[in-house]
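Below is one structure, written out as structure tokens, with a few remarks after it.
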Amino acid sequence: MSPVPALAQQCGGDFGQFLEGVKQEAVSKGLSAQAADRTLAGARIDRKVLSSDRAQGVFKMTFLDFSKRVISGYRMKNGAANMKKYAGVFQREEAQYGVPAPVITAFWALETDFGAVQGDFNTVNALATLAHDCRRPHLFRPQLIAAIEMVQHGDLDPQRTTGAWAGEIGMVQMLPEDIIKFGKDGDGDGHVKLKESAADAIMTAGAFIQHLGWRRGEPWLQEVVVPQSLDWAATGLNKTRTGAQWASLGVQPRWGQISGNLPASLLLPQGRKGPAFLAYPNYNIYLEWNQSFIYTTTAAYFATRLAGAPVYSQGNPEPGLNDAQMKQLQTKLSNQGYDVGKIDGILGSGTRAAIQDVQQKLGMPADAWPTPALLNRL
């Protein structure tokens with residue numbers, strides 16, 4: 001028999017042999033055999049991780065429902081208190097990386113409730129399980145190697161460090177590779193401990209968000225009032241005009257000034273009768289953090305609230321579709337040749353773009369919001 005190529009051993013098969021391969025790779029990358037042994041000695045497959053991975057539910061809630069659920073009075077109060085408590089750290093972070101305190105604080109709240117809920121999966125087991133599983137080993141094997149490097153630095157305890165089922169660690173939930181690359185010692189103790197140290201978490205989040213392309217001194221999201229005479233087909237994330245052009249069409253800020261010279265997209269998370277936002281270039285950083293439109297718009301809006309913006313005007317959105325109706329709509333769109341991705345009932349970017357196109361063809365307001373009226377017309 002010919003020897004099996006090295007890449008075929010990257011996942012699956014005997015777990016002990018798989019771990020031996022991970023150790024050899026770590027050592028070939030300059031990490032110590034002792035650190036690899038310490039990290040991998042007690043590693044085991046965690047079935048709960050596999051079931052979480054298989055059952056990932058992405059957001060099927062509307063923007064209004066989701067944002068009301070996660071932006072509680074408790075989080076607003078705690079957010080303000082933490083920005084005050086760590087004002088010195090936030091000042092250092094913003095001077096260095098340019099990311100305003102409310103942006104990091106909103107992520108901190110949504111990811112872990114300011115560190116209170118960080119996940120109770122053993123991090124090494126979670127990463128070893130997902131690296132051994134053959135669905136996405138290319139994503140998780142490098143994270144397991146990075147975890148060995150964190151053990152070598154004294155920043156991860158293989159037995160005790162816990163986090164999310166997919167291996168994210170700490171108050172702002174970051175993966176080991178990103179912690180190695182962007183981890184900052186915010187409290188000066190010589191370690192990057194994102195689970196225990198708020199200062200480390202704030203500085204590291206700032207460095208990471210800057211790396212994603214954050215533009216210093218620029219806004220990210222702004223609630224606006226839109227005239228009902230607007231051309232709705234010009235709205236959506238993939239279409240931009242300058243702030244000044246939007247203003248000339250009658251779009252007005254509900255808070256602050258429109259940034260006239262910046263490109264901006266007009267977002268209508270629940271159609272033309274719901275809340276409306278201008279999304280500036282910095283909004284794209286949120287999509288790098290998490291690809292769900294509902295999560296990112298909520299996180300960006302939450303940050304504006306922490307920065308002093310008023311509660312959004314809910315408007316009176318037309319009723320949307322339930323799960324079964326959404327799948328029915330996606331099937332109809334798919335049959336018409338639109339690429340809506342999986343028929344999963346989720347209003348993702350492909351489905352939104354298809355809805356907007358069909359609305360235009362049918363002579364309906366093209367605001368990309370799926371309604372029973374649209375489903376009936378199809």
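Positions are given from 1, in the same order as the sequence printed here.
- Using a cutoff of 4.0 Å between basic side-chain nitrogens and carboxylate oxygens, Lys23 and Asp37 are scored as salt-bridged.
- The structure places CG of Leu287 at 11.0 Å from CG of Leu212, a figure rounded to the nearest 0.5 Å.
- Here Phe114 and Trp108 bring their ring centres to under 6.0 angstrom of each other.
- Other residues, nucleotides and ligands contribute at most 12 non-hydrogen atoms within 6.0 Å of the CG atom of Asp339.
- In terms of the side chain to side chain contact (heavy atoms under 4.5 Å, CB included) criterion, residue partners of Lys273 (sequence neighbours excluded) are, by chain and number, Glu318.
- The ring of Trp214 has its center no closer than 6.0 angstrom to the ring center of Tyr97.
- Using a 4.0 Å cut-off between charged nitrogen and carboxylate oxygen, Lys184 and Glu93 do not count as a salt-bridge pair.
- Taking CZ from Arg160 and CG from Asn122, the interatomic distance works out to 11.5 Å, rounded to the nearest 0.5 Å.
- Using a cut-off of 4.0 Å between Lys/Arg side-chain N and Asp/Glu carboxylate O, Arg135 and Asp53 are scored as salt-bridged.
- The structure places CD1 of Ile71 at 5.5 Å from CZ of Phe302, a figure rounded to the nearest 0.5 Å.
- Rounded to the nearest 0.5 Å, atoms CD (Gln360) and CH2 (Trp232) are 13.5 Å apart.
- Side-chain atoms of Gln328 and Leu378, non-hydrogen and from C-beta on, never get closer than 4.5 Å to each other.
- Here the CG atom belonging to Leu156 is positioned 8.0 Å from the CD1 atom belonging to Ile179, to the nearest 0.5 angstrom.
- Under the side-chain contact (heavy atoms from CB on, under 4.5 Å) test applied with Lys332, the options Val358, Leu374, Val340, Leu375 reduce to a single match, Leu375.
- Of the charged side-chain nitrogens involved, at least one lies within less than 4.0 Å of a carboxylate oxygen, so that Asp357 and Lys361 count as a salt-bridged pair.
- Environment of CD in Gln228: crowded, with over 12 heavy atoms of neighbouring residues, nucleotides or ligands closer than 6.0 Å.
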*Please report the C-alpha distance between Gln356 and Lys239 in whole Å, then the side-chain angles of each, then the deciding distance to 0.1 Å, and finally whether the side chain to side chain contact (heavy atoms under 4.5 Å, CB included) criterion is met.*
CA-CA 12 Å; Gln356 194 170 38; Lys239 298 169 185 143; 2.7 Å; yes

*Given Thr297 and Phe66, is the side chain to side chain contact (heavy atoms under 4.5 Å, CB included) satisfied, shown in steps?*
CA-CA 10 Å; Thr297 307; Phe66 182 68; over 6 Å; no

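- Checking side-chain atoms of Gln222 against main-chain N and O of Phe277 turns up no donor-acceptor pair under 3.5 Å.
- The side-chain hydrogen bond (donor to acceptor under 3.5 Å, both in side chains) search around Thr331 returns none, not counting sequence neighbours.
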*asked:* Checking Tyr312 against Gln314 for the side chain to side chain contact (heavy atoms under 4.5 Å, CB included) test, could you report, in this order, the C-alpha distance in whole Å, the side-chain angles of both residues, the deciding distance, and whether it holds?
replied: CA-CA 6 Å; Tyr312 50 48; Gln314 289 185 45; 3.6 Å; yes

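- The side-chain hydrogen bond (donor to acceptor under 3.5 Å, both in side chains) test applied to Arg254 returns Glu223, not counting sequence neighbours.
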*Apply side chain to side chain contact (heavy atoms under 4.5 Å, CB included) to the pair Glu94 and Val99, showing each step before the final yes or no.*
CA-CA 5 Å; Glu94 191 167 0; Val99 184; over 6 Å; no

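- Here the CG-CD distance, from Leu127 to Glu177, works out to 10.5 Å after rounding to the nearest 0.5 Å.
- Between Lys193 and Asp155 no salt bridge is recorded (no basic side-chain N to carboxylate O distance below 4.0 Å).
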